[in-house]
Amino acid sequence: MIILDGLNPAQREAVEAVEGPVLILAGAGSGKTRALTHRIAYLIEGKGVDPASVLALTFTNKAAGEMKERVERLLGRSGRGMWVGTFHSVCARILRAEAEHVGLDRNFAIYDSNDQLTLVRRAISALEVSDRQYPPAQVRGRISRAKNAMVGPAEFARSAGNIYEQTVAKVYQHYQREIRRSNALDFDDLIVEPVHLFQEHPEVLARYRERFRFLMIDEYQDTNRPQYLLTKLIADGRRNICCVGDDDQSIYRFRGADLRNILDFERDYPEAKVIRLEQNYRSTQTILDAGNAVISHNKGRKGKTLWTERTGGEKVVLFRCANEREEARAILDAVRTLRGTAGRTLRDFALLYRTNAQSRALEDEFRRAAVPYVIVGGLRFYERKEIKDILAYLRVAANPRDGVSLRRVVNVPRRGIGDQSLAKVEDFAFAERITPLEAMGRAEEIEGLGAKVRGAMQRFHALVRGLTEEKDQVSIHRLTEAVLEQTGYLEAVREEEGTVEAESRVENVRELLSAMEEFSERAEDPSLDAFLREVALVSDVDQWDSRADVVTLMTLHSAKGLEFPVVFIGGLEDGLFPISRMAENPEDLEEERRLFYVGITRAKERLFLSYAMDRRRYGSSGESHPSRFLGEIPEPLIERRMPGMFEVEKQSRVTGHGSQEAVTGQRTLDPRLVTRDTRPRSGEVSGAFDFEDTLPFNVGNWVIHPTLGRGQIREKDGVGPETKLTIRFDTGATKKIIIKYASLEPA
């Protein structure tokens with residue numbers, strides 16, 4: 001069969017082993033997605049399995065989309081009927097179909113982390129306890145951990161052993177009561193509720209067991225207890241379960257991932273077949289040798305050794321830096337020097353770090369050098385205020401019981417409905433056993449409200465009811481346009497914000513409309529409910545555009561599943577990586593080592609590691625020591641370099657032909673990458689550099705002057721370093737400035 005062509009022996013074995021339980025231990029870069037997608041195609045094409053009998057689960061929308069596309073390419077036709085998706089999206093689909101069994105309406109809302117935090121804050125306030133003693137984010141995390149352990153509010157309260165736990169138990173009970181009153185679920189509920197559904201309704205479980213004859217789970221090492229129970233309940237029917245994962249890449253313990261799920265697979269399924277994918281198609285042998293050496297120090301693993309036909313490879317470069325600023329400059333120098341060699345572009349480079357705070361020094365250097373970059377895991381598109389506002393209107397239209405979304409937009413734009421008035425509405429709603437929205441429709445019955453507020457509430461009620469009636473009659477794009485027209489949202493934004501900020505927010509709303517059009521064109525179900533469900537489950541990596549020609553900055557956790565030709569891992573110091581609190585517990589230390597292993601194995605061709613001898617943390621500097629993990633890499637694999645000028649390897653070693661840059665060892669700097677400060681740094685080639693229009697000095701752009709502060713460019717006269725700019729500063733002053741004397745930076 002063509003489907004089996006091009007597979008190595010281990011991959012082919014994994015594809016053809018379709019009956020009974022199978023565990024595929026797939027090392028980094030070993031083609032696990034290839035094996036999984038070929039296996040699905042083989043079931044359908046080679047074994048005649050109905051696509052609707054296949055359930056494939058993974059963790060990101062991007063991975064699910066790629067899996068489905070690959071299967072359809074292999075089949076040469078649509079795979080319509082297959083259930084391929086993330087745990088959360090598949091569970092949401094099941095719950096919508098079985099809503100009556102779990103006490104929900106089919107149009108239930110999915111609350112994100114911000115919504116959850118809002119509910120926790122309200123619960124803490126209602127219980128009249130201090131949010132200093134009980135920080136909302138900390139309490140939310142405790143509730144999440146309880147849910148991931150399948151511990152409900154009542155059981156949590158029974159086991160609470162001290163005042164703190166007892167108070168959290170009360171918050172948990174209040175939180176869960178409110179979320180259900182809002183006809184909503186949080187991310188944890190999406191997995192927990194189907195487990196309860198299957199446990200409490202055997203007839204429903206039997207239906208899904210009959211439907212899903214073949215179950216496949218990607219990234220099995222990342223599953224938590226509810227996900228484990230869910231898949232085991234389904235699989236225990238026919239026992240045709242195939243789990244693909246890598247115990248050496250289990251890095252989400254803090255989210256509840258349980259490594260024992262993959263380590264104990266053969267205990268759950270004694271008849272299981274275990275297949276190891278050890279041939280790596282991503283990295284050089286040098287990089288793999290470094291990763292193998294590091295991970296071999298872990299005891300909690302099944303064991304495998306990655307190998308590749310790409311023998312040799314450049315040594316791992318290790319920078320020893322004085323501080324985090326020098327570390328950032330060393331990385332920047334290497335990026336600027338390597339760019340252009342062997343056809344490299346900026347998107348070939350990834351900068352990985354243990355904590356989000358480490359990006360600050362890197363960002364400062366890259367901004368000064370005008371090197372474009374993107375941070376994966378920064379503020380997401382769907383987390384921007386204007387986007388959340390519009391989505392909140394749509395969520396209330398889809399689910400009028402959604403109290404969190406209603407609270408968000410009831411006075412946006414301003415309608416004169418304050419917190420005190422809203423509290424009276426909620427008290428009335430509680431007493432009458434109706435929703436706050438219904439209470440607004442009866443505002444004339446609520447004591448203590450002025451005539452103006454009553455009118456505003458009734459108009460808001462009419463607006464939402466109109467949207468609710470219209471939502472199934474028009475496209476989501478048209479419904480959103482109706483929201484904008486009837487609320488005057490964009491006009492309010494323009495009135496409240498400065499010109500540039502307002503237009504940026506307006507453009508974001510227009511982009512949302514574009515996203516809706518695109519969704520309507522591709523989705524099998526183009527309904528409002530389906531769109532809100534998809535948006536609620538978008539992750540950081542789902543929104544990362546791998547085609548953009550920018551350097552990628554992200555945490556090591558975010559990098560899992562990705563690959564780059566050149567990878568930098570910074571901050572390799574004890575106390576930072578591994579984090580000091582993690583080094584105290586052997587299991588935590590092993591997870592930190594797995595995280596380092598994940599970082600190493602993201603690199604395809606070059607790997608750079610760095611540490612600082614002195615790093616500013618928590619507002620003060622302190623002496624640092626190299627990470628213990630560095631000592632686990634064999635010395636022959638390492639090339640130690642001091643920060644400064646990074647020498648360009650002769651291009652002929654990489655491409656087989658020479659160039660002026662390769663012969664002279666000098667680098668030709670792209671003018672777009674030059675800092676405004678043209679003084680050479682230590683070891684850097686000096687010279688006169690040209691400025692181009694691609695620098696951020698165009699009319700309309702915002703810049704920062706070292707003494708005058710932030711300003712917007714209003715006029716531009718000339719080219720090159722003699723260019724004169726007319727800048728209007730936030731102070732109100734307007735100044736004419738020559739670029740080469742100004743030391744301007746992009747805002």
Can you find a pair of side-chain heavy atoms, one from [X] and one from [Y], that are under 4.5 Å apart?
{"X": "P226", "Y": "M150", "answer": "yes"}
{"X": "Q221", "Y": "N261", "answer": "no"}
{"X": "E266", "Y": "V274", "answer": "yes"}
{"X": "R209", "Y": "L205", "answer": "yes"}
{"X": "Q358", "Y": "R354", "answer": "yes"}
{"X": "L556", "Y": "V598", "answer": "no"}
{"X": "E98", "Y": "R207", "answer": "yes"}
{"X": "R395", "Y": "Y111", "answer": "yes"}

Charged N-O contact under 4.0 Å between [X] and [Y]:
{"X": "R615", "Y": "E573", "result": "yes"}
{"X": "R253", "Y": "D588", "result": "yes"}
{"X": "R301", "Y": "D247", "result": "no"}
{"X": "R401", "Y": "E438", "result": "no"}
{"X": "K232", "Y": "D236", "result": "yes"}
{"X": "D131", "Y": "R121", "result": "no"}
{"X": "D112", "Y": "K388", "result": "yes"}

Distance-only, no hydrogens or angles: does the [X] side chain make a donor-acceptor pair with backbone N or O of [Y] under 3.5 Å?
{"X": "S182", "Y": "A184", "answer": "no"}
{"X": "N107", "Y": "A398", "answer": "yes"}
{"X": "T468", "Y": "V464", "answer": "yes"}
{"X": "S89", "Y": "G85", "answer": "no"}
{"X": "S159", "Y": "E155", "answer": "yes"}
{"X": "R225", "Y": "D258", "answer": "no"}
{"X": "N183", "Y": "D105", "answer": "yes"}

More than 12 heavy atoms of other residues, nucleotides or ligands under 6.0 Å from [atom1] of [X]: is that the case?
{"X": "D419", "atom1": "CG", "value": "no"}
{"X": "R177", "atom1": "CZ", "value": "yes"}
{"X": "Y164", "atom1": "OH", "value": "yes"}
{"X": "E200", "atom1": "CD", "value": "yes"}
{"X": "E100", "atom1": "CD", "value": "yes"}
{"X": "Q420", "atom1": "CD", "value": "no"}

### Task
Could you check K560, K32, K304 and say which one makes a salt bridge (charged side-chain N to carboxylate O under 4.0 Å, His left out) with D246?
K304
Nearest non-hydrogen partners of [X] and [Y], listed with the distance:
{"X": "V409", "Y": "D389", "result": "CG1-O, 3.4 Å"}
{"X": "A63", "Y": "T60", "result": "N-OG1, 3.0 Å"}
{"X": "S359", "Y": "I375", "result": "OG-CD1, 4.2 Å"}
{"X": "P436", "Y": "E426", "result": "CG-CG, 4.4 Å"}

Describe, in one word, how the ring planes of [X] and [Y] are oriented to each other, choosing from parallel (under 30°), tilted (30 to 60°) and perpendicular (over 60°).
{"X": "F265", "Y": "Y220", "result": "perpendicular"}
{"X": "Y208", "Y": "W83", "result": "perpendicular"}
{"X": "F87", "Y": "F59", "result": "tilted"}

### Query
Of N240, V54, L57, which meets side-chain contact (heavy atoms from CB on, under 4.5 Å) against L215?
L57
### Summary
Which of I446, L422, T435 passes side-chain contact (heavy atoms from CB on, under 4.5 Å) with M440? It is L422
Atom [atom1] in [X], atom [atom2] in [Y]: separation rounded to 0.5 Å?
{"X": "L394", "Y": "D529", "atom1": "CG", "atom2": "CG", "answer": "11.0 Å"}
{"X": "T355", "Y": "I579", "atom1": "OG1", "atom2": "CD1", "answer": "6.5 Å"}
{"X": "I143", "Y": "N148", "atom1": "CD1", "atom2": "CG", "answer": "12.5 Å"}
{"X": "L25", "Y": "L277", "atom1": "CG", "atom2": "CG", "answer": "8.0 Å"}
{"X": "L185", "Y": "L95", "atom1": "CG", "atom2": "CG", "answer": "6.5 Å"}
{"X": "S405", "Y": "L532", "atom1": "OG", "atom2": "CG", "answer": "9.0 Å"}

### Message
My understanding is that only residues two or more places apart in sequence, or in another chain, count here; which of them pass side chain to side chain contact (heavy atoms under 4.5 Å, CB included) with E590?
### Response
N298, K299, R593, R594
### Query
Regarding T555 and Y353, is there a side-chain donor-to-acceptor distance under 3.5 Å anywhere?
no
### Message
Under a 3.5 Å cutoff, is there a donor and acceptor pairing between the side chains of D268 and Y228?
### Response
yes
### Query
Is R96 close enough and on-axis enough to F108, meaning under 6.0 Å and within 45°, for cation-pi?
yes
### Message
Assess the residue pair S144 and D188 against the criterion (side chain to side chain donor-acceptor pair (under 3.5 Å)); give the C-alpha distance rounded to whole Å, side-chain angles, the decisive distance to 0.1 Å, and a yes or no.
### Response
CA-CA 7 Å; S144 179; D188 298 317; 2.8 Å; yes
### Query
Among all residues two or more places apart in sequence or in another chain, which pass the side-chain hydrogen bond (donor to acceptor under 3.5 Å, both in side chains) test with E271?
R239
### Query
For D189, which of R180, K147, H196 qualifies under side chain to side chain donor-acceptor pair (under 3.5 Å)?
K147
### Message
Quick one, Y175 with D186, criterion side chain to side chain donor-acceptor pair (under 3.5 Å). Give me CA distance, side-chain angles, the key distance, then yes/no.
### Response
CA-CA 11 Å; Y175 169 90; D186 61 26; 2.7 Å; yes
